[in-house]
Amino acid sequence: AARMEILKIHATHLAKHGDIDYEAVVKLAENFNGADLRNICTEAGMFAIRDERDYTVHEDFMKAVRKLVEAKKLESSLTYDSSFGDGGKS
């Protein structure tokens with residue numbers, strides 16, 4: 001519930017057409033923090049711009065959250081090579 005409120009706060013400055021199902025967006029945004037929720041809104045705006053619209057629709061938010069979920073998966077799957085950056089000791 002708190003994340004939905006955060007998402008709504010970040011979405012207030014976006015022009016929107018139709019109903020935005022924030023609950024559906026937040027369900028996909030599991031483990032997202034406040035900055036991630038703001039990024040959803042930014043990405044939704046970018047999807048609208050790409051479609052040459054000056055307003056966002058629900059599908060923009062859904063595309064945005066899917067894109068960011070994939071990016072976070074990729075981020076967490078990157079492995080850290082412990083030998084990298086050892087100060088030239090090896």
Side-chain angles (χ1 to χ4, degrees):
R3 285 182 309 167
M4 189 160 65
E5 293 307 312
I6 293 167
L7 183 64
K8 285 180 181 178
I9 289 167
H10 289 306
T12 52
H13 300 293
L14 291 174
K16 296 173 281 298
H17 271 217
D19 291 330
I20 309 296
D21 184 356
Y22 294 108
E23 199 173 330
V25 176
V26 168
K27 277 182 185 167
L28 290 177
E30 205 176 338
N31 300 322
F32 275 34
N33 61 28
D36 296 327
L37 296 171
R38 180 162 191 229
N39 288 340
I40 291 172
C41 295
T42 303
E43 281 297 326
M46 296 303 283
F47 280 116
I49 290 167
R50 285 185 201 109
D51 283 350
E52 297 181 359
R53 284 183 275 110
D54 57 1
Y55 57 87
T56 57
V57 294
H58 175 69
E59 190 53 34
D60 296 326
F61 285 88
M62 296 305 283
K63 285 184 199 169
V65 73
R66 286 188 204 108
K67 178 180 176 178
L68 291 165
V69 164
E70 287 306 309
K72 278 182 89 71
K73 272 186 200 165
L74 198 73
E75 197 177 273
S76 65
S77 70
L78 294 174
T79 55
Y80 177 72
D81 184 353
S82 61
S83 66
F84 183 78
D86 62 359
K89 292 179 198 141
S90 54

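Just so we're clear, the structure is a prediction, and the values are computed from it rather than from any experiment.
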Just checking Met62: does its CE atom have more than 12 heavy atoms from other residues, nucleotides or ligands closer to it than 6.0 angstrom? yes

With a 4.5 Å heavy-atom cut-off, do Val69 and Phe32 have their side chains touching? yes

So, for Tyr22 and Leu7, which heavy atoms are closest and what is the spacing to 0.1 Å? CD2-CD2, 3.7 Å

Would you say Met4 and Ile6 are hydrophobically clustered, going by side-chain heavy atoms of ILVMFWY under 4.5 Å? yes

What are the two closest non-hydrogen atoms of Ala11 and Cys41, and how far apart are they? N-SG, 3.7 Å

Can any side-chain N or O of Asp51 pair as donor or acceptor with the backbone N or O of Arg53 at less than 3.5 Å? no

Interatomic distance, CG@Leu74 vs CG@Leu68, rounded to 0.5 Å, equals 12.0 Å

State which residue, out of Asp21, Val25, Leu28, Val26, fulfils the side chain to side chain contact (heavy atoms under 4.5 Å, CB included) condition with Phe61. Val25

So which pairs with a foot in residues 29-47 pass salt bridge (charged side-chain N to carboxylate O under 4.0 Å, His left out), sequence neighbours left out? Asp36-Lys72, Glu43-Lys67

In this structure, OG1 of Thr56 is separated from CG of Leu14 (nearest 0.5 Å) by 5.0 Å

Could you list the residues that satisfy side chain to side chain contact (heavy atoms under 4.5 Å, CB included) with Glu70, not counting sequence neighbours? Lys73

With side chain to side chain donor-acceptor pair (under 3.5 Å) as the rule and sequence neighbours excluded, what pairs involving residues 1-19 come up? none

Closest heavy-atom contact between Ala44 and Ala64? N-CB, 3.6 Å

